[in-house]
Amino acid sequence: MTSSLYQFLLHCSYLVMVFLCGVFLYRIARGFLSVRPRWWWKLLLAVCWGCSSAMIIWVGDPNLFYTFPFFLLFSLLSTQGDWVGRLAVTVIFFCLIMSVCAMADTYLSLLDHTTFPLYDILSRLARPLAFTLIYLFLCRRLPQETVVLSRRLWRLVLGLSLMPLFALVAEVLLAYPQWMSPTAHAMALKQGLVLLPFSGITAIILLLVILALSNHEQLEREVYLAGLRELYYQGLQREHTQVRTLRHDLRNHLTAVQGLLAQGEGDKAAAYLSQLAASPSLSGEEHFCDNTAANVVLAAKAQEMGRRGLMGQFQVALPQDLSMRDIDLCALLGNALDNAIEAAGRSSDKTILVRCRADKGLFMLRVENALAGDERADLSTTKRDSAAHGFGLPGMREIARRYGGSLEATAANGRFELVVCLPL
């Protein structure tokens, strides 16, 4: 084979490798990372990962150390969302890509060059083949939308992602020939047959773990919403029973009032009517809007405000049909009111203002309450058990981002104001 033809094939294999690796890695990544909306951010992520997959990684070569900062930088720049989750997923994909590169470069180079004269081209083409197979394995499991996890679970995933990373670093970097004998280097090559597949397979397993955790959290939110609906419908059932009872006893009540008036006991008749008007049978469940899911959450939070001695001022106008998932709508309302109830409960001002409407293609939510005075500058939770709290605002920001909207949370002059605006 002539040198010019060989160089031509080498360049072609490089371009094919970068393109195919970038495409398939991007298709896998968009299920785990939220890429910024502009097209150049998508291109940047695909090119960054495609070029990273072209990096030559040997057992005992520091190229791994040089690649990681750029891989991390461009991956975080081109994505958005919870930085802990983005960091965890970036580390996982880095381990997956580099383990494939290290196996392709290190062990294909050991082939007899006279028998396999195109070993370096085979090494380059082995990468897109590996990532294509990984994509085919994961494609049916990938979600339609980017996975969403709480900060606590993302921290857990980030900790687990250190296992394949440390295995990869130990195999590739610690086998640096400068401080190893040929015998030790040969032993490192044998260990790589175990550690490098371990790193890659562990990365794939962690991606499956993220999908399982996301499905579990979504199921928990659905169970929570179902529980709120059950309470709401139980309240409606009680109201219906009370109305039927009141209708049955209405004749007796009218007879009693008529008798008191006939006896000239006007004051007693008025007191009797006041007691009757204050009966729970006439108060019923409060109706906030036409949207059933929103009404369920607002009714539950209004009852909680009443139990805590808080006063809620509601102005809500939401139609029955909204182009928002009930889970997202209830998460926005529930988290916003939970935070407001918690702060107002510790403040001297017990009033919570809630304004929510859907109008002219926009969903708008505004919640205002007094600050308790012990909030942190970043508005994170002040509870001791921070591992179980403080996910309201990050979760709401994630919902606003997915719908292409905005969320603004401001604390000034002793007041906290939350404003959410989403296009419908």
Side-chain angles (χ1 to χ4, degrees), residues 145 148 150 217-236 285-308 310-345 350-371 379 381 389-411 415-424:
E145 298 180 351
V148 178
S150 63
E217 283 207 334
Q218 183 176 358
L219 180 61
E220 281 189 340
R221 289 192 295 268
E222 291 176 352
V223 170
Y224 173 72
L225 177 57
L228 288 179
R229 283 176 171 164
E230 180 65 23
L231 292 176
Y232 179 71
Y233 291 129
Q234 286 179 1
L236 292 179
E285 293 290 333
E286 193 168 359
H287 181 79
F288 296 92
C289 64
D290 294 333
N291 187 276
T292 304
N295 214 51
V296 166
V297 178
L298 294 174
K301 299 307 176 184
Q303 291 179 2
E304 185 176 355
M305 291 180 192
R307 289 193 300 268
R308 295 195 179 193
L310 306 176
M311 182 177 65
Q313 297 182 4
F314 295 87
Q315 290 184 6
V316 182
L318 295 177
Q320 175 61 41
D321 296 324
L322 273 177
S323 57
M324 288 180 62
R325 296 193 308 171
D326 286 348
I327 294 178
D328 295 330
L329 176 61
C330 293
L332 284 175
L333 294 173
N335 286 325
L337 292 177
D338 283 341
N339 294 338
I341 291 172
E342 180 184 343
K350 305 298 182 181
T351 303
I352 298 176
L353 305 178
V354 181
R355 305 288 184 266
C356 185
R357 73 178 189 273
D359 186 28
K360 298 180 180 179
L362 290 176
F363 170 86
M364 290 162 284
L365 170 65
R366 176 173 170 264
V367 179
E368 182 180 347
N369 57 271
L371 292 171
L379 301 178
T381 182
H389 302 92
F391 304 117
L393 280 178
M396 296 174 70
R397 292 186 192 279
E398 181 68 25
I399 294 174
R401 179 198 56 74
R402 280 194 283 113
Y403 282 90
S406 63
L407 182 148
E408 296 182 2
T410 58
R415 305 288 297 178
F416 175 81
E417 184 180 51
L418 176 72
V419 179
V420 180
C421 183
L422 308 179
L424 296 177

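Bear in mind the structure is a predicted one, so any value in this text is a computation, not a measurement. One-based numbering along the sequence shown.
- For the pair Met396 and Leu418, the minimum side-chain heavy-atom distance is below 4.5 Å.
- Glu417 is linked by a salt bridge (charged side-chain N to carboxylate O under 4.0 Å, His left out) to Arg366, counting only residues two or more places apart in sequence or in another chain.
- Rounding to the nearest 0.5 Å gives a distance of 12.0 Å between CZ of Arg401 and CG of Leu422.
- For the residue pair Leu329 and Ala294, the shortest heavy atom distance occurs at CD2-CB, 4.0 Å.
- Counting heavy atoms from C-beta on, the side chains of Leu318 and Phe363 come closer than 4.5 Å.
- Checked by atom type and distance alone, the side chain of Arg355 pairs as donor or acceptor with a backbone atom of Gln313 at under 3.5 Å.
- Atom CG in Leu353 sits 6.0 Å away from atom CZ in Arg415 (nearest 0.5 Å).
- To the nearest 0.5 Å, atom CG of residue Asp321 and atom OG1 of residue Thr292 are 9.0 Å apart.
- Asn339 contributes a side-chain N or O that, together with a main-chain N or O of Asn335, makes up a donor-acceptor pair within less than 3.5 Å.
- For the pair Leu298 and Leu337, the minimum side-chain heavy-atom distance is below 4.5 Å.
- Of the inter-residue distances, the one linking Leu407 atom CG with Ile399 atom CD1 reads 9.5 Å to the nearest 0.5 angstrom.
- In terms of heavy-atom proximity, Leu362 sits nearest to Pro423 at CD2-CA, 3.8 Å.
- In this structure, Cys289 and Asn295 approach most closely via the heavy-atom pair N-OD1, 3.1 Å.
- Distance OG1/Thr351 to CE/Met305: 10.5 Å, rounded to 0.5 Å.
- Evaluation of the side chain to side chain donor-acceptor pair (under 3.5 Å) rule for Asp290 yields no partner, not counting sequence neighbours.
- Evaluation of the side chain to side chain donor-acceptor pair (under 3.5 Å) rule for Glu408 yields no partner, not counting sequence neighbours.
- Of all heavy-atom pairs spanning Tyr403 and Ser323, the tightest one is CE2-O, 4.0 Å.
- When all heavy atoms are compared, the tightest approach of Val367 to Ala336 is CG2-CB, 4.0 Å.
- Heavy atoms only, all atoms of each residue included: Ala343 and Asn369 are closest at CB-ND2, 3.4 Å.
- Separation of atoms CG (Asp338) and NZ (Lys301) is listed at 3.5 Å; rounding is to 0.5 Å.
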